[in-house]
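Values below: all heavy atoms of this structure, side chains included; hydrogens, waters and symmetry mates excluded.
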Amino acid sequence: QVQLVESGGGLVQAGGSLRLSCAASGRTLSSYTMGWFRQAPGKEREFVAAVRRSGGSTYYRDSVKGRFTISRDNAENTVYLQMNSLRPEDTAVYYCAATAIWALTTEEGDFRSWGQGTQVTVSS
């Protein structure tokens, strides 16, 4: 099983940017479709973005399209989430997750490996 560690969270003003990183160990990242999820206080965890093994295909939730970009560097065993034009409603704990499923999936239950999360806070 792959181990995942997120970093890059923090406090930023609305309109600002952050780049989250997810470093993998234990298994090569190229064996997994990768995703980012988030959980805001008092809300259920929700899908944010996913990228296929090769990095050639990506998928986003509607509210982040055009603002967030998911990418991966399989040689560095790292996945990124570039977040621009941040809004207060993007405030959440962001989680990196891995699935052996080949296809892009947005289903939380499909992801079997999870990081511990990194806090993103966007002030208005």
Side-chain angles (χ1 to χ4, degrees):
Q1 192 171 1
V2 64
Q3 288 80 49
L4 304 172
V5 178
E6 303 95 336
S7 61
L11 173 64
V12 64
Q13 288 188 332
S17 298
L18 284 173
R19 188 174 84 153
L20 305 184
S21 299
C22 172
S25 62
R27 295 282 181 92
T28 178
L29 200 62
S30 61
S31 299
Y32 299 91
T33 293
M34 299 299 297
W36 285 95
F37 290 75
R38 67 186 180 187
Q39 187 168 21
K43 296 187 177 181
E44 293 187 352
R45 189 155 55 184
E46 63 182 17
F47 168 80
V48 176
V51 59
R52 288 189 68 166
R53 299 182 186 196
S54 66
S57 296
T58 56
Y59 188 76
Y60 300 91
R61 70 179 299 107
D62 286 345
S63 62
V64 308
K65 285 180 181 177
R67 300 188 299 122
F68 290 12
T69 302
I70 187 171
S71 62
R72 63 192 299 161
D73 185 337
N74 287 339
E76 295 294 328
N77 253 19
T78 303
V79 177
Y80 303 97
L81 186 67
Q82 177 67 43
M83 306 186 296
N84 300 328
S85 302
L86 282 161
R87 305 167 180 169
E89 54 264 38
D90 294 318
T91 294
V93 177
Y94 283 70
Y95 298 89
C96 174
T99 176
I101 293 175
W102 180 264
L104 281 176
T105 175
T106 65
E107 296 298 321
E108 182 176 340
D110 288 339
F111 291 83
R112 299 304 177 94
S113 297
W114 293 82
Q116 83 289 350
T118 185
Q119 176 71 47
V120 171
T121 303
V122 184
S123 63
S124 58

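Under a 3.5 Å cut-off, the side chain of Glu6 and the backbone N or O of Gly117 do form a donor-acceptor pair. Side chain of Thr99 to backbone of Phe111: no donor-acceptor contact under 3.5 angstrom is found. A donor-acceptor contact shorter than 3.5 Å links the side chain of Thr33 to the backbone of Ile101. Although no hydrogens or angles enter the test, the distance criterion places no donor-acceptor pair under 3.5 Å between the side chain of Glu108 and the main chain of Thr106. Judged purely by atom type and a 3.5 angstrom limit, Thr78 uses its side chain to pair as donor or acceptor with the backbone of Glu76.
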Side chains of residues 16-24: which donor-acceptor partners sit under 3.5 Å, not counting sequence neighbours?
residue, atom, partner, partner atom, Å
Ser17, OG, Asn84, OD1, 2.9

Could you pull out every donor-acceptor pair under 3.5 Å between side chains of residues 64-72 and any protein atom, sequence neighbours left out?
residue, atom, partner, partner atom, Å
Lys65, NZ, Asp62, OD1, 3.0
Arg67, NE, Ser63, O, 3.3
Arg67, NH1, Ser85, O, 2.9
Arg67, NH1, Asp90, OD2, 2.8
Arg67, NH2, Ser63, O, 2.9
Arg67, NH2, Asp90, OD1, 3.1
Arg67, NH2, Asp90, OD2, 3.4
Arg72, NE, Arg53, O, 3.3
Arg72, NE, Asn74, OD1, 2.8
Arg72, NH1, Tyr32, O, 2.9
Arg72, NH1, Val51, O, 3.4
Arg72, NH1, Arg52, O, 2.8
Arg72, NH2, Leu29, O, 2.6
Arg72, NH2, Tyr32, O, 2.9
Arg72, NH2, Asn74, OD1, 3.3

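In this structure the side chain of Met34 reaches within 4.5 angstrom of the side chain of Cys96, judged on heavy atoms. Within the 4.5 Å cutoff, side-chain heavy atoms of Met83 are placed close to those of Tyr94.
Val2 and Leu104 are not part of a single hydrophobic cluster, where members link through side-chain heavy atoms under 4.5 Å apart. Note on Phe47: it clusters hydrophobically with Trp114, by side-chain heavy-atom contacts below 4.5 Å among ILVMFWY residues. Cluster annotation: Val122 and Val48 are assigned to the same hydrophobic cluster (Ile/Leu/Val/Met/Phe/Trp/Tyr, side-chain heavy-atom contacts under 4.5 Å, transitive).
Applying the salt bridge (Lys or Arg N to Asp or Glu O under 4.0 Å) test to Arg27 and every residue at least two apart in sequence or in another chain returns nothing. Remark: Arg112 engages no residue in a salt bridge (Lys or Arg N to Asp or Glu O under 4.0 Å) (not counting sequence neighbours). Every residue meeting the salt bridge (Lys or Arg N to Asp or Glu O under 4.0 Å) condition with Glu46, not counting sequence neighbours, appears here in chain and number order: Arg38, Arg61.
For the atom pair CG (Leu86) and OG1 (Thr121), the distance works out to 10.5 Å, reported to the nearest 0.5 Å. Here the OG1-CH2 distance, from Thr118 to Trp36, works out to 7.5 Å after rounding to the nearest 0.5 Å.
Here Leu11 is tied to no hydrophobic group at all, with no ILVMFWY side chain closer than 4.5 Å.
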Given the rule in the ring pair (Phe, Tyr, Trp, His ring centres under 6.0 Å) test, do Phe37 and Tyr95 qualify, once you have shown the distances and angles that lead to the verdict? CA-CA 5 Å; Phe37 290 75; Tyr95 298 89; 8.6 Å; no
Is there a side-chain hydrogen bond (donor to acceptor under 3.5 Å, both in side chains) between Gln13 and Ser123? Walk through the geometry before answering. CA-CA 5 Å; Gln13 288 188 332; Ser123 63; 5.0 Å; no
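Taking each heavy atom of Ala14 and Ser124 in turn, the nearest pair found is CB-CA, 4.4 Å. The shortest heavy-atom contact between Val93 and Gln119 is CG2-OE1, 3.2 Å.
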